[in-house]
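One structure is given below, encoded as structure tokens.
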There are 2 protein chains.
Amino acid sequence: MGNLGPEMEVVHLLRAVTVELGLHSARFAHRNGMHPTDVRALIALMDASRAGTEMTVGRLGAALGLNSAGTTALIDRMERAGQVRRVRGAGDRRRVLVEVTETAVELGWASFGPLITAAVELLRVYDERELAAVKGFLAGVLEAATHGK
Amino acid sequence: MGNLGPEMEVVHLLRAVTVELGLHSARFAHRNGMHPTDVRALIALMDASRAGTEMTVGRLGAALGLNSAGTTALIDRMERAGQVRRVRGAGDRRRVLVEVTETAVELGWASFGPLITAAVELLRVYDERELAAVKGFLAGVLEAATHGK
DNA sequence: AGCGAGTATCTCGCTCGGCGAGATAATAGG
DNA sequence: CCTATTATCTCGCCGAGCGAGATACTCGCT
């Protein structure tokens, strides 16, 4: 499992990056009295809001791999901490929409913003082909991780 | 926060990849009656073994961000499941070295091997400069995530 | 040699995130 | 409208991980 060429080096780098990003959000969570799951929820919610999609309790739970009881507990906790708001669905009144509060968004940006800017800064000097290479690699790994079993 | 150029697309891809890899190992964990932490421990142990470093209980706990009690519980659990062995330190008999069993290594490879091969396969068609681009980007993000607070 | 400080691991009791089962409320279909 | 379905919540429980402290071993000092 030693050196199977320069490709293997990239694979180990990718693994190191995912580990380090995980630790980064764990630190962020701890610093703000949150749990890893709360951070994942925050990210999912900000994602949905960026995409303009409404996020319901059920969909959030599914995205995080929690069952309904755990999801309810999660949202209770985050609502209590003022990171999230429950809003009864307008059309279908069984639904409960979950919205991030402004303070939570700011919190998230304060922690992940610098990292994002750093990454964008890195890519700024890349030309067309280099950018496509990075994009292609990540897309390929994503595809393999998603479908590969 | 919408489209700040093609760089942002790469950032979102990277985030998607880390999320998906996380889910991948969560699925692996669940399928084998393990917990996410157990998988992280397995990876850390395989890493150490690949690097030829001896892994002690304390060092493993530190790598995973667990305190001593939690680490003991973790190793108890994994030893009970036959994934890990405790070996009293030869020189310093206070230490307890942790070794992965062959079955655990095989288990890990069965789950992560295909993903690794897929990634290597992707990179195989890349030329010198493209490979360097991917490597440089990942290294830069790693650096930013590690040091950026 | 032997004592005390330092280090590595383990034990105990507890908290709390997440699960399974089932209750409740709202919608959709015949 | 009455039943099946869907969305969420309540209750009781399990177990991962924590804090505090016990235990076992090593090392420096005298």
Side-chain angles (χ1 to χ4, degrees), chain A residues 22-23 25-45 48 53-81 83-99, chain B residues 22-23 25-45 48 53-81 83-99:
Chain A
L23 291 177
S25 62
R27 281 192 296 271
F28 164 69
H30 196 79
R31 209 177 322 135
N32 295 92
M34 300 169 70
H35 300 268
T37 305
D38 303 23
V39 179
R40 289 172 57 211
L42 185 55
I43 292 174
L45 286 167
T53 325
E54 288 187 329
M55 186 57 109
T56 66
V57 171
R59 209 174 321 166
L60 179 60
L64 301 178
L66 299 181
N67 75 359
S68 62
T71 309
T72 297
L74 165 76
I75 299 177
D76 284 351
R77 195 180 351 159
M78 292 183 76
E79 198 167 37
R80 223 177 301 127
Q83 289 144 3
V84 129
R85 245 190 318 269
R86 274 182 168 94
V87 182
R88 263 290 161 198
D92 187 339
R93 287 170 44 75
R94 288 170 304 179
R95 300 193 167 199
V96 174
L97 306 179
V98 186
E99 294 174 356
Chain B
L23 291 178
S25 62
R27 281 192 297 269
F28 164 69
H30 197 78
R31 210 176 323 136
N32 296 92
M34 299 169 70
H35 301 267
T37 306
D38 303 23
V39 179
R40 288 173 57 211
L42 185 57
I43 292 174
L45 287 166
T53 325
E54 288 185 329
M55 186 57 109
T56 66
V57 171
R59 209 172 323 164
L60 179 61
L64 301 180
L66 298 181
N67 76 357
S68 62
T71 310
T72 297
L74 166 77
I75 299 177
D76 284 350
R77 193 167 59 212
M78 293 183 76
E79 198 168 37
R80 224 178 300 126
Q83 290 145 1
V84 128
R85 244 189 318 269
R86 274 183 168 95
V87 183
R88 263 291 160 200
D92 187 338
R93 287 170 44 76
R94 286 170 304 180
R95 300 191 167 199
V96 173
L97 306 179
V98 185
E99 293 175 356

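Because the structure is predicted, anything quoted here is derived from the model rather than measured. All chains are named by letter (A, B, ...) in the order of the sequence lines, taking the proteins before the strands, and each is independently numbered beginning at 1.
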Specify the separation, in whole Å, of atom [atom1] of [X] and atom [atom2] of [N].
{"X": "B:M55", "N": "C:dT9", "atom1": "CE", "atom2": "P", "answer": "11 Å"}
{"X": "B:L97", "N": "C:dC10", "atom1": "CG", "atom2": "P", "answer": "11 Å"}
{"X": "A:L60", "N": "C:dG17", "atom1": "CG", "atom2": "P", "answer": "16 Å"}
{"X": "A:D76", "N": "D:dC11", "atom1": "CG", "atom2": "P", "answer": "12 Å"}
{"X": "B:R95", "N": "C:dA8", "atom1": "CZ", "atom2": "P", "answer": "6 Å"}
{"X": "A:E79", "N": "D:dT8", "atom1": "CD", "atom2": "P", "answer": "13 Å"}
{"X": "B:I75", "N": "D:dA16", "atom1": "CD1", "atom2": "C1'", "answer": "14 Å"}

Task: B:R86, nearest nucleotide to its side chain (from D:dT8, C:dT9, C:dC10) - done: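 The closest nucleotide is C:dC10.
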Open item on the list: Does B:E79 have more than 12 heavy atoms from other residues, nucleotides or ligands lying within 6.0 Å of its CD?
Closed with: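 Check passes, neighbour count above 12.
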Open item on the list: Can you list every stem that DNA chain C is part of, counting only runs of 3 or more consecutive Watson-Crick or G-U wobble pairs with both distances under 3.5 Å?
Closed with: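 Only these stems qualify: C:1-30 with D:1-30.
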Task: Heavy-atom side-chain contact between A:Q83 and A:N32 under 4.5 Å - done: no
Open item on the list: Quick check: do A:H30 and A:V39 have side-chain heavy atoms less than 4.5 Å from each other?
Closed with: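 In short, these two side chains do not touch, never coming nearer than 4.5 Å.
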TODO: Take A:L64 and A:T71 through the test side-chain contact (heavy atoms from CB on, under 4.5 Å) and record every step on the way to the result.
DONE: CA-CA 9 Å; A:L64 301 178; A:T71 309; over 6 Å; no
Pairs: protein N or O with nucleotides 18-25 of chain C N or O, under 3.5 Å:
| residue | atom | partner | partner atom | Å |
| --- | --- | --- | --- | --- |
| C:dG18 | OP1 | A:T37 | OG1 | 2.4 |
| C:dG18 | OP2 | A:R77 | NH2 | 3.0 |
| C:dC19 | OP2 | A:N67 | N | 3.1 |
| C:dC19 | OP2 | A:N67 | OD1 | 3.3 |
| C:dG20 | N7 | A:N67 | ND2 | 3.2 |

- [ ] Give the minimum heavy-atom separation between A:L45 and A:V98, together with the two atoms involved.
- [x]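 Nearest heavy atoms, A:L45 then A:V98: CD2-O, 3.7 Å.
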Task: A:N67 side, atom CG; A:T72 side, atom OG1 - distance, nearest 0.5 Å - done: 8.5 Å
TODO: Calculate, to the nearest 0.5 Å, the distance between atoms CZ and CZ belonging to B:R88 and B:R95 respectively.
DONE: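 Taking CZ in B:R88 and CZ in B:R95, the distance rounds to 12.0 Å.
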Task: Step-by-step side-chain contact (heavy atoms from CB on, under 4.5 Å) determination, B:T53 to B:R59 - done: CA-CA 11 Å; B:T53 325; B:R59 209 172 323 164; 3.3 Å; yes
Open item on the list: A:L60 and side chain to side chain contact (heavy atoms under 4.5 Å, CB included): which single residue from A:L74, A:V84, A:V96 fits?
Closed with: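 Running side chain to side chain contact (heavy atoms under 4.5 Å, CB included) over A:L74, A:V84, A:V96 with A:L60 returns exactly one hit, A:L74.
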- [ ] Could you check whether B:G61 gets within reach of a base, just the sugar-phosphate, or nothing at all, counting any heavy atom under 4.0 Å?
- [x]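 It contacts nothing in the nucleic acid.
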Open item on the list: C:dA8, OP1 or OP2 - any side-chain N/O from B:R59 closer than 4.0 Å?
Closed with: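 For B:R59, the contact criterion (side-chain N or O under 4.0 Å from OP1 or OP2 of C:dA8) is not met.
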